[in-house]
Structure formats: structure tokens, C-alpha cells
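Below is one structure, written out as C-alpha cells; comments come after it.
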Amino acid sequence: MPAVGVSVARKDGIGKATGAAKYADDLTFPGMLHGRTIRSTIPRGRIRSIRYDFDTTGFTIVDYHDVPSKNAVDLIAQDQPFLAEHEVKHMAEPIVLLAHADKEKLLAANVIIEYDEEEPLFDPEKATQIFKTINIVKGETQSALEDAAKRDDVVIVEGTYRTGHQEHVYIEPNGVIAVPEENGMAIYGSAQCPFYVIKALRCLLGSAHPNVRVIQTETGGGFGGKEEYPSMIAGHAVMLALKSGRPVKIIYDRVEDMVATTKRHPSIVRHRTAVTRDGRLLAMYIDVLLDGGAYITLSPTVLSRGCIHAAGPYRCDNIHIHGRAVFTNTPPNGAFRGFGAPQTEFAVEVHMDRIAELLNIDPVDLRRMNALRPGDKTATGQTLREDTSALMVLEEAVRRTDFDRKRREYRGTNRGIGLSLFLHGAGFTGAGERNLKSRARLDLTPHGVRIAVGSTEIGQGTRTMHAQIVTDALGIPYETVEVAQPDTSRVADSGPTVASRTCMVVGKTLEECAEEMKEKLGGLSPAEYYAKNGPLSIERMYNPPDWIQWDEEKYLGDAYATYGWGCDVVELEVDRDTYEVHPIKITAVQEFGRPIHPALARGQIEGGTAQGMGYALLEHVVMRNGAMANAQLTNYVIPTTLDMPEVDVVMMENPYPGGPFGAKGLGELPMDGPAPAVVSALRHIGLDVREIPATPELLSQCDSVSIPAAAA
């Protein structure tokens, strides 16, 4: 019986359901100390003095003088210190580390830090330090806009669209344990990318401590928030463990996690678009500004994907996208599901609705006319292939929701309906996968096979999905496929668990490993071959399609091997007195090649849709003096089951030949559509919304917008 396409039992299901699964805070080691981070209480300034106002007996104290080699978290750049030396650039920046066996004594320890404060910068529009600039140029945008201004049959539509921070709110906060071993150090922790942590620790420790391994514990969610930050907390735990000679556990509580760790980048996106009066896009100038916070972290990558997706799923001959990620004196922003695309696709979709309103064109007809098709070229000049599904998902969403009829009937009431059309590239950008050279390994066991990859299970079903692929490619029972817990000393480096690549890229490599192993088994079962010949391991490196060509300097060429496509329709009501928004129904039509595990895929879409609804309506990060002021779940509100309406998930298939059994990436796609669809429905009611989260306070200040009959 095939496993692919079937909702088989999760590999990690029983352990999590029974409580047998061990998370970081479930682990203890002999002689273990608890660690604590002392952080800056100002957004910008210089450290004048540090005083320890407690009995330091039994404490391990670490500051920047204890850094073994280089005081820098090695990621894209090495600008962020593990511990501030003299200068403070943001609130909650780590300065001192403490460890003690008694948790109560640890929390009671009073560290007094005096500063020479300086004027902070919080407004990204006033920033002068730019982390990354990107220009994507297709055609002759400037001349096309100048020509359009002279024509009577063309209008120019301008608009500015804003999105705020968003907090990850994974169920399990960040946590790491550093354990000295006979020949090195083991780090156990909640992480998405164990090999990122290894890279960062090698920079921190230098050649004096070569034997370091990272073991991913069970991880209660990540959403990008555990991509780069575990490198910071791992470095802290390791320094305390080195100085004390004992295991050290650092577990953040919810407040510390929300105040100190990365968030989604706030954005300001400006559009200037030339469009014929019948709705054909002629030229698009798009300016993208992302607030990177105080250090670079992953801002260049987030900006990259945001800019590549900024023109949306639309055909246009003349496009200029100018993007910047800039410095402010706020905690660094980093990876979050979608990597910049939710911000820029929000902007282009709201802009498309405004174009429809101004031209008195039906919003579906406008998208239908301009949607990308096979053979069209994207903003980067990539020629799209046959698995391009913009029109497929649009037509199904419109048909399934009876969109046109409801659009007419809701006109003039407190009920609205809106939609968004979107795409998401799967895998690393351009030559990224070729440069990464990620690997996967399959090991024969006495009873079956074991998958040995660095890809992490963070709740999305990685173990199960990979096992299904190997099961069918090798032709063995699903129950005989094991999945190794990622330990950097024992598994292949399959690259980070990010960028919608875990199924499409790592899964494809495992499929090739299984096919090669099947050939070597020569008709024997794994158990028979093992009994006769002993162990067997097959390791393969991922090879992206040879047709991918990418110019990193000009940002032109094949940005992604393939794209997922989606169309969301949101129906909602607005209380005219309180401006509270009550979602009624969400229809999420998504095409991602083929679902390997339908129930898990549906869960990804439902979860991403809920996260996107929170981004649209509820999740308002309040920043005061450069720090999150509402860092608790009593006043940072995320959607619960009581807030979410019916979600109708439609999974369409348009297989990608380069994916395992035709599958593409899915994890990020569902995040891109809900927010613009919500705002589209609010605009249908008559509220001129161009910013999220669309809280009642914001809606009460929105001007009314007149929806023409054709666009109703």
C-alpha cells in the first residue's frame, strides 16, 4: 500500500500525545546550573559601569572578557556580539551572564549597570545605515511611467502600505543546555537549524574547542524564530558551561522571549503603477523599506524574498523594485514564516484592489487579466513553466465561494467579501541551493532503514513526510523507516529547515537515496540484505535543476525552481459601533504540487491561515522606547479557536517534476494570503485600510472608500 498521498500515523504522534517526548526543559544533567541573561535597559548608549549587588558565592559570572575567540554571532555577517562590550544598540541587548544551581537565588541576583545614554533612532524612514539594498529592473519603468503620464487612456495609481512587527508565539520558548563532554561540548536545544548553531559556535570558540555537537531536542514550534536566535542562546550557555565546568541550562520565560528575540520586519511599501483604463498593467515602481533593527541577522535574505515577490503574481513588462533594509535602535528582526513576502504581497494586493476601485473594474477581472501564465516572465525575468497555477486557484476560489454573487449582495451592508491572489517561491533563492550543497543520508538497519538528515521536526510533520517518501521510493513498509533525531555529529547536513525546502529539496534527495539503495539491495529486503552483507549507507547531495541561471548582482534570472500558488477569500462583518471585525469564513485554495500527507498539509494551511489572520487583525506589537511593551499573552493577542471562523481548505495539484512525487514547498505559502484578503473585504465594506494590524482603533480612523458598482 502506498504511503505518499495517505494521511499515515505521525512518527512523533504517540510521544507527543503521551508526554514521552522530551523538550529542552524536560532534560536534566548531573551538577547542572541554571543560566540567566542580564540585558540592557536602554535602547542606545555606552556602558559606564557594572556592579554586582549580591553575594556572588556559588555564581558563575560571564561578560565579554570571557569570550574564547570572537565575540560575534556568525550568520550572514558578524556584526552582532554575543555580549555587549562597551556600546548598547538596543533594549534587551545581552551584557552579562549568570549561572547558579539555585534558580531562586539566580533570579534574585541584582546587577546594576550604569550607562551614558545617547539619542536612539526608531524611525526607519530616517535611518542612514542601510544593511542591504536591492534593485530589480525589468524593462524601462521610468520611461514607461513618464509616457503614461501623457496618455489619456492610462492612469497612474500611487499608494503607501504598512505592516507592523509580528511575534512568533511558538508554544515552547527558546531553551538550550550546554553539557561539557570528555572531548568537547554537547548542546541540546530547541532549534530549527542545528548546523547554523555549529557555525556560530565555531566562530565564538575558535580552534581551541573543536569538538562541539548540537542535538535538537523536541521543539515546540519555530516559524523562523528558532532559525538564527538559538545560536545566541547556545553561545551564552556554552560560555557559562566552559567557565563553570558544569552543564548549564538557559530557558527563557515568555516575557523574555518576546522582548529579546527577533520578530517579523515592519515594512513600508510604496507603489506607483501605470495601468490602462481597461486594467492592463504597464509599469510598476515599488519601493520596499524594511526595519531591520539593530543588527543584520537575516535581513538581507528577508529583503531579497520580499523584493522578488513584491510585484505579486502579475505580468507586467516594466517593473522596478527598489528595496532597503535599514538600522534602527530596536531588537533585531529576523526570519518569520514567509521571509518578507507577506509584507510585500500585502502591499501589492491592496494596491490591486485600489486600482480596481479607481477604474471601476471588477477586482476578479483585474486579476484575471493580469495574472501570470506559463511562458510569462516574472519581475526577475524568469520564464514560468507549466506548473504555474495563478488562474487555476483564482477561478476555483471564485467559483467555490460564489464570490461574484456575494460581492453584489453584501454591497451597502456591514458584511464584506474580499480575495487575494499570491505566489511563493520554494527553496533557496537563485543559486542558493547550488551553493548550499545540502546532503541527505539513508542508513540500513537490521529491520529497515534510518533517515539521517539535519532537517528538524518543529511540529510541521518533517519526520512523517520524509518517511513516506522513503517508504514509497524504496518499496518497504512505513513502520520499518526510522528517522534520526538531528545530531550534527551523526546526521548529514541537509541545510536549514526554512524557505519551503524541507519537502521539495531534502525530500527529493531522500527519494534519490532510496532509489539508489533499492538498486543496491538487488531485490532483497533491508533486513535480508543487512543479515547477509551488514550495514549500508547511501548519501546524496541535492542537485537543483541545471536550467536555473541567476545573476546575484543584478537580481535577474531564475529566482526559484518552482512556485506555489494560492487564492484566499475572506468573508467578515464589522460592528459599526465598536469597529470589531468578525470573520465569518475563510476559503484557502492552494496549489503546491501534490500533498505527501494530506492531513499534515491541511494543518499547514489552516495554521498559516490562522497566523495570517492574527497578522491582519489582532497582533499589534506595541513598541515603547525601542522595546516591546505588551510582551505577554494577556495583551499581545493571537487568534484562538474562538476567533477563527470556518476554514475551507482546497488543495489543488499541478505537479513539479523536480519535487518528490511532484511535491513543491508548502510551509510559507499559506502566510501570504490572509492579510490582504481581510483588507480587501474591509475595503468592500467601505473602509480605506492600507495598514495592518487592522485593529478597531485603526479602523475607527479610516476614511470611507466608495466602491464603484463594477468593483462591488
(request) I would like to know whether Tyr188 and Phe29 meet ring pair (Phe, Tyr, Trp, His ring centres under 6.0 Å); could you show each step before the answer? (result) CA-CA 11 Å; Tyr188 298 81; Phe29 294 87; 5.2 Å; yes

(request) For His351 and Thr273, test the side chains for any donor-to-acceptor distance below 3.5 angstrom and give the result as yes or no. (result) yes

(message) Whether Arg324 and Asp287 form a salt bridge (side-chain N of Lys/Arg under 4.0 Å from carboxylate O of Asp/Glu) is what I want to check.
(response) yes

(message) Using 0.5 Å steps for rounding, measure from the OG atom of Ser500 to the CZ atom of Phe428.
(response) 11.0 Å

(request) Report yes or no: is the cationic atom of Arg264 (NZ for Lys, CZ for Arg) closer than 6.0 Å to the six-membered ring centre of Tyr615, at no more than 45° off its axis? (result) yes

(message) Between His620 and Val622, is the side-chain contact (heavy atoms from CB on, under 4.5 Å) condition met? List the steps.
(response) CA-CA 6 Å; His620 183 206; Val622 179; 4.0 Å; yes

(request) Determine whether the side chains of Asp257 and Tyr170 contain a donor N or O and an acceptor N or O closer than 3.5 Å. (result) yes

(message) Quick check on Lys105: does its NZ atom have over 12 non-hydrogen neighbours (other residues, nucleotides or ligands) under 6.0 Å away?
(response) no

(message) Using 0.5 Å steps for rounding, measure from the CD1 atom of Ile233 to the OG1 atom of Thr37.
(response) 6.5 Å

(request) Over all heavy atoms of both residues, which pair between Leu698 and Pro693 is shortest? Give the atoms and the distance, please. (result) CD1-O, 3.9 Å

(request) Mind listing the closest non-hydrogen atom pair of Asn174 and Pro230 along with its distance? (result) OD1-CG, 3.9 Å

(request) Could you please spell out the steps behind the ring pair (Phe, Tyr, Trp, His ring centres under 6.0 Å) verdict for His322 and Tyr285? (result) CA-CA 8 Å; His322 175 61; Tyr285 179 81; 7.2 Å; no

(request) Classify the side-chain pair Arg254/Gln632 by whether it contains a donor and acceptor separated by less than 3.5 Å. (result) no

(message) To check you understand the geometry: which heavy-atom pair defines the closest contact between Ala191 and Ile458, and what is its length?
(response) O-CG2, 4.1 Å

(request) Taking all heavy atoms of Gly175 and all of Ile251, pick out the closest pair and write down the distance. (result) CA-CD1, 3.5 Å

(message) Testing the basics here: between Val88 and Ile42, what is the closest heavy-atom pair and its distance to 0.1 Å?
(response) CG1-O, 3.5 Å

(request) Verify side-chain contact (heavy atoms from CB on, under 4.5 Å) between Leu98 and Leu106, making sure each step is shown before the conclusion. (result) CA-CA 7 Å; Leu98 306 177; Leu106 178 68; 3.7 Å; yes

(message) Pair Tyr555, Trp550 - check side-chain contact (heavy atoms from CB on, under 4.5 Å), show working.
(response) CA-CA 7 Å; Tyr555 257 69; Trp550 179 252; 3.7 Å; yes

(request) Check step by step if side-chain contact (heavy atoms from CB on, under 4.5 Å) holds for Leu289 and Val269. (result) CA-CA 6 Å; Leu289 179 64; Val269 182; over 6 Å; no

(message) Quick check for you: to the nearest 0.5 Å, what is the distance between Ile134 atom CD1 and Ile321 atom CD1?
(response) 10.0 Å

(message) Checking side-chain polar atoms at under 3.5 Å, does Ser299 have a donor or acceptor matched by the opposite partner on His265?
(response) yes

(message) Do Glu580 and Thr578 pair up side chain to side chain, a donor and an acceptor below 3.5 Å, judged on atom types alone?
(response) yes

(request) Please check if any side-chain donor atom of Thr328 sits under 3.5 Å from a side-chain acceptor atom of Asp291, or the reverse. (result) yes

(request) Enter the distance from Met239:CE to Leu201:CG here, rounded to the nearest 0.5 Å. (result) 9.5 Å

(request) Would you check if there is a donor-acceptor pair between the side chains of Asn329 and His90 at a distance under 3.5 Å? (result) no

(message) Is a donor from one side chain sitting under 3.5 angstrom from an acceptor on the other, for His209 and Arg202?
(response) no

(request) Considering only NZ, NE, NH1 and NH2 on the basic side and carboxylate oxygens on the acidic side, decide whether Lys249 and Asp25 come within less than 4.0 Å. (result) yes

(message) Check Arg46 with Asp116, please: is the shortest side-chain N to carboxylate O separation under 4.0 Å?
(response) no

(message) With a 4.5 Å cut-off on side-chain heavy atoms, are Leu682 and Leu699 touching?
(response) yes

(request) Determine, for Tyr161 and Arg270, whether the Lys NZ or Arg CZ falls below 6.0 Å from the six-membered ring centre while staying within 45 degrees of the axis. (result) no

(request) Please check if any side-chain donor atom of Tyr560 sits under 3.5 Å from a side-chain acceptor atom of Thr429, or the reverse. (result) yes

(message) In the structure I gave you, are the side-chain heavy atoms of Ile76 and Thr301 within less than 4.5 Å of one another anywhere?
(response) yes

(request) Check whether the side chains of Gln166 and Lys263 place a donor and an acceptor atom closer than 3.5 Å, and report yes or no. (result) no

(request) Decide whether Thr262 and Glu228 meet the rule of one side-chain donor and one side-chain acceptor closer than 3.5 Å. (result) yes

(message) Using the ring centroid of each side chain, check whether Phe54 and Phe59 are separated by less than 6.0 Å.
(response) yes

(message) I want to check something: taking the side chain as every heavy atom from C-beta on, are Pro332 and Leu298 in contact at a cut-off of under 4.5 Å?
(response) no

(message) I'd like to know whether NZ of Lys554 has more than 12 heavy-atom contacts from other residues, nucleotides or ligands below 6.0 angstrom.
(response) no

(message) Can you tell me which residue among Asp63, Leu83, Ile38 is in a side-chain contact (heavy atoms from CB on, under 4.5 Å) with Pro94?
(response) Leu83

(message) Under a 4.0 Å threshold between the charged nitrogen and the carboxylate oxygen, would Arg48 count as salt-bridged to Glu114?
(response) yes

(message) I want to check something: taking the side chain as every heavy atom from C-beta on, are Val678 and Met613 in contact at a cut-off of under 4.5 Å?
(response) yes

(message) Is it the case that the side chains of Thr219 and Gln216 hold a donor-acceptor pair, with the cut-off being a distance below 3.5 Å and no angle test?
(response) yes

(request) Verify the ring-centre separation between His309 and Phe422: is it less than 6.0 angstrom? (result) no

(message) Taking Glu172 first and then Lys226, would you say they form a salt bridge - that is, a charged N and a carboxylate O separated by under 4.0 Å?
(response) yes

(message) So which atom in Gly338 and which in Arg305 form the shortest heavy-atom distance, rounded to 0.1 Å?
(response) O-CD, 3.7 Å

(request) State whether Glu433 and Arg501 are salt-bridged, where the test is any N-O pair (Lys NZ or Arg NE/NH1/NH2 against Asp/Glu carboxylate O) under 4.0 Å. (result) yes

(message) Under 4.0 Å between a side-chain nitrogen and a carboxylate oxygen: does that hold for Glu158 and Arg690?
(response) no

(request) Decide if atom CD of Glu104 counts as having more than 12 heavy atoms of other residues, nucleotides or ligands within a radius under 6.0 Å. (result) no

(message) If you count heavy atoms of other groups shown closer than 6.0 angstrom to CD1 of Ile112, is the number above 12?
(response) yes

